[in-house]
Amino acid sequence: MKQHIAIDGPAGAGKSTVARLLAERLGYLYLDTGALYRAVTLYLLEHRVPLKTAREEEVSPFLRSVDIDVVSENGMRVFLNGKDVSLDIRNPEIDVAVSYVARMQVVRDFLRKVQRKIALSRPSVVEGRDIGTVILPEADLKIFLTARAEIRAKRRWREIRLRGKNIDYKLVLRNVLERDTLDSERRCAPLRKAEDAVLLDTSSLTVEEVVAKIYALVVGRG
Ligand code: DC
């Protein structure tokens with residue numbers, strides 16, 4: 001059995017759903033690393049750090065008083081200095097601010113240690129953008145999930161509609177394409193497939209089919 005599974009890929013490829021279901025099926029820890037970037041963002045906003053203009057050396061001292069932990073329960077719950085912030089980190093203001101935080105090298109270095117400590121504490125499925133390349137290069141199995149941009153936008157559009165909001169599909173597609181460019185062109189830890197990662201295009205697969213394929217690879221039947 002493979003113990004540490006890394007799942008990377010662009011927004012909307014189905015990473016979170018797939019990683020959570022796979023971890024449940026295996027009885028492994030599920031680590032959603034985007035949630036950790038969101039928790040740091042919440043802390044910095046609470047301390048009134050001007051994220052758009054702050055220099056890395058101004059942000060660095062704040063990180064010394066950030067303690068993050070996670071618990072497997074309904075997927076994953078995140079604790080920031082002992083407080084459950086799982087819901088707060090999904091606020092729209094975090095959605096906007098988190099990309100400024102995720103591109104700071106001091107934050108990435110800090111969270112690399114946090115991610116490794118949590119991920120290596122027990123068998124785990126770790127999901128993010130740079131897990132196979134930077135965070136857990138020694139992972140036993142690396143998966144790079146993708147799907148055509150139109151499909152990812154359609155999934156995202158449906159999700160937003162399910163939450164009761166009306167939004168133009170073309171706008172969602174434009175956002176997906178923009179985020180793809182930002183994610184793959186940013187200086188620190190750009191999104192790219194690790195050389196030894198298995199590429200899985202989920203465009204015409206159901207969630208169950210994707211989970212089954214990865215499960216087979218974990219138990220050595222893929
Ligand atoms: O997956 P998400 O939307 O919760 O991610 C939040 C932000 O963090 C997003 O801007 C991408 C970034 N991120 C990252 O840079 N590296 C990761 N391993 C996970 C997320």
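Counting starts at 1 for both ligands and their atoms, following the listed order.
At under 3.5 Å, a nitrogen or oxygen of Arg129, whether backbone or side chain, sits near a nitrogen or oxygen of ligand 1. For ligand 1, the polar-atom distance check finds no N/O of Ser99 at less than 3.5 Å from any of the ligand's N/O atoms.
When every heavy atom of Lys213 is checked against every heavy atom of Leu200, the shortest pair comes out as CD-CD1, 3.9 Å. Heavy atoms only, all atoms of each residue included: Ile160 and Val172 are closest at CD1-CG2, 4.4 Å.
Here is the list of ligand 1 atoms found below 4.0 Å of a heavy atom in Asp130: 18 (N). Against a heavy-atom cut-off of under 4.0 Å, Gly128 is close to the following atoms of ligand 1: 18 (N). Heavy-atom proximity to Arg179, at under 4.0 Å, picks out these atoms of ligand 1: 3 (O).
Summary of contacts: the protein heavy atom closest to atom 20 (C) of ligand 1 is Gly34 CA, 3.6 Å. Summary of contacts: the protein heavy atom closest to atom 18 (N) of ligand 1 is Thr33 OG1, 3.0 Å. Annotation: atom 8 (O) of ligand 1 to nearest protein heavy atom, Tyr37 CB, 3.8 Å. In this structure, the protein non-hydrogen atom closest to atom 7 (C) of ligand 1 is Val98 CG2, 3.7 Å. Among protein heavy atoms, the minimum distance from atom 3 (O) of ligand 1 is reached at Arg38 NH2, 3.1 Å. At the top of the distance list for atom 12 (C) of ligand 1, counting protein heavy atoms only, stands Ala102 CB, 3.7 Å.
In this structure, the side chains of Ile68 and Tyr43 stay at 4.5 Å or more apart for every pair of heavy atoms. Annotation: side chain of Leu171 is in contact with side chain of Arg174 (closest heavy-atom distance under 4.5 Å). Residues Thr202 and Arg155 form a side-chain contact, since some pair of their non-hydrogen atoms from C-beta on lies under 4.5 Å apart. Within the 4.5 Å cutoff, the side chain of Arg161 has heavy atoms near those of the Asn166 side chain. In this structure the side chain of Tyr28 reaches within 4.5 angstrom of the side chain of Gln3, judged on heavy atoms.
Judged by distance alone, with hydrogens and angles left aside, the side-chain atoms of Lys2 form a donor-acceptor pair with the main-chain N or O of Leu217 at under 3.5 Å.
Between Arg108 and Glu56, no side-chain nitrogen of the basic residue sits less than 4.0 Å from a carboxylate oxygen of the acidic one, so the salt-bridge criterion is not met.
Distances from ligand 1 to the non-hydrogen atoms of Arg108 include at least one value under 4.0 Å.
With a 4.0 Å heavy-atom cut-off, ligand 1 is reached by no atom of Glu127.
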